[in-house]
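Note that the numbering runs from 1 along the sequence shown for the chain. Bear in mind that the values here come from a model prediction, so they are computed numbers and not experimental data.
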Amino acid sequence: MDNFKDLYGVGYQPSPPSLDQSLTGETTLNSTLSGDSFAYCRTNSEVSAFSEPADDNSSLSETPSPVCWPIKKSPSQAILSRLGMRQQKHFTNDKPGEQEPVDLELEMMKERFSKLLLGEDMSGSGKGVCTAVTISNAITNLYASLFGQHLKLEPLHPEKKSMWKREMNCLLSVCDYIVEFNPVAQNLQEGTPVEVMTSRPRLDIYINLPALRKLDAMLIDILESFKETEFWYVEQGSMSGNSRHTGSFRRIAHPERKEEKWWLPVPCVSPGGLSEKARKHLRHKRDCASQIHKAAMAINGSILAEMEIPDTYMASLPKCGRASIGDVMYRYMWTADKFSPDYLLDCLNINSEHEALELADRVEASMYTWRRKACMSHSKSSWDMVKDLMSETDRSDKNHVLAERSESLLFSLKQRYPELSQTTLDTSKIQYNTDVGQAILESYSRVLEGLAFNIVAWTEDVLFVDKSMKNQN
């Protein structure tokens with residue numbers, strides 16, 4: 001259950017998970033994402049295998065057939081071979097040691113391409129998920145397989161670093177073909193002005209993808225800067241006070257390290273503490289990672305806001321917004337002359353991230369319930385609806401006022417707890433999204449957001465241990 005809690009911090013459950021390859025080309029059967037590497041990620045896509053790897057040496061004709069008919073290689077077999085299909089060898093004179101060498105990287109790319117086409121449905125019956133969800137899961141699974149066990153402030157393994165760049169370049173290459181047409185004025189040879197439609201990258205991809213690539217490179221550089229450090233890690237042991245972070249609710253563990261994540265590596269410093277140079281370096285990298293985290297979070301929030309609200313979520317909304325938030329909150333939101341969301345949050349006395357996330361779900365559901373009622377009450381004609389929405393009388397409508405106040409309450413809640421996990425609406429948008437470009441941008445920004453948060457938490461852990469050691473001295 002502890003591992004599940006760590007994973008649930010990142011949000012929605014994916015479609016039947018895809019099969020990921022490890023660095024040696026073997027099948028990753030069950031990648032356990034433990035520790036603070038996923039203490040904050042805002043979606044959940046477990047890494048597991050769907051099927052066992054095929055054995056190239058196995059064939060239906062390992063033993064000679066009673067009747068050894070001569071077999072000729074047909075043109076169709078050659079075509080299938082060029083398409084990458086593994087042919088069963090039916091020749092009786094094959095020897096066990098005579099097999100062509102297998103290119104592991106090529107086989108891995110074949111497998112990923114096949115899963116994108118199949119929608120992660122290995123039966124090939126067309127029951128797989130859409131391409132957008134498949135690519136989103138692929139990015140999340142790739143991050144989990146490479147960074148899931150990276151729990152320290154140290155450079156990423158060279159092979160993992162190379163695999164991360166190679167795989168992400170392959171997945172992000174889809175964006176090169178997501179374009180929009182734009183009219184451009186040109187002049188013909190005789191000087192006649194004409195308007196020609198030219199293609200360019202879609203606006204959201206053109207703006208956000210280069211920024212995400214830059215944030216990605218900056219995070220890798222931050223990890224690379226910790227090659228030689230004045231601190232180290234121990235796999236097991238106790239420290240005289242060690243700060244652990246879970247979302248936005250931070251607590252200090254006891255010296256005995258009696259907490260659920262006792263297996264995580266513990267940062268250690270010398271009795272004299274860190275030097276001023278090392279301490280300054282840690283603070284600088286922490287501030288850089290914090291800014292990257294805010295940037296990735298802003299991009300992720302903007303992409304989620306642009307996604308369409310699924311019909312299933314709208315159908316699941318309660319008929320009355322009051323039933324969603326409760327009588328106490330409803331009375332204050334409606335009767336207060338000057339509504340203060342911060343005052344309401346102080347009165348609610350939220351003690352855990354689970355309570356904050358539950359409140360965010362209820363407030364968001366009530367907001368869309370009142371918005372739907374406000375639209376239904378003004379559904380006369382298109383022009384009448386526009387005039388009503390722009391009029392002052394519409395501003396005083398009860399449903400409109402409650403929707404605005406619930407929106408401000410949800411905004412204040414997310415500002416107070418910026419590391420809050422994704423709400424039910426956000427996970428529904430990711431699950432039912434069909435836009436490939438939005439799926440790539442959302443998943444890419446989400447995993448970078450999680451990595452940046454982890455780096456901030458790791459640096460604060462080391463600084464806390466250093467401060468504790470100085471206080472002891």
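Counting only N and O atoms by type, the side chains of Q438 and D204 include no donor and acceptor under 3.5 Å apart. Between the side chains of T423 and E364, at least one donor N or O lies within less than 3.5 Å of an accepting N or O.
In this structure, OG1 on T140 lies 8.0 Å from CD1 on I430, to the nearest 0.5 angstrom. Atoms CZ and CD1, on R362 and I325 in that order, are 8.0 Å from each other to the nearest 0.5 Å. One distance of note links CG of L215 with CD1 of I299; it measures 5.5 Å at 0.5 Å rounding.
The shortest distance between side-chain heavy atoms of I222 and I292 falls below 4.5 Å.
Taking all atoms of both residues into account, the shortest heavy-atom contact from V447 to W164 is CG2-CH2, 4.3 Å. Closest non-hydrogen pair, D361 versus T424, comes out as OD1-N, 2.8 Å. The two residues F226 and P155 make their nearest non-hydrogen contact at O-CD, 3.5 Å.
Heavy atoms from other residues, nucleotides or ligands lying under 6.0 Å from CD of E308 number 12 at most. More than 12 heavy-atom neighbours from other residues, nucleotides or ligands sit within 6.0 angstrom of CG on N169.
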Query raised in the report: Where do R371 and E407 land on the salt bridge (charged side-chain N to carboxylate O under 4.0 Å, His left out) test, with the steps shown first?
Result: CA-CA 10 Å; R371 281 183 179 178; E407 184 178 8; 3.0 Å; yes

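Between the side chain of S443 and the backbone N or O of A439, at least one donor-acceptor pair lies under 3.5 Å.
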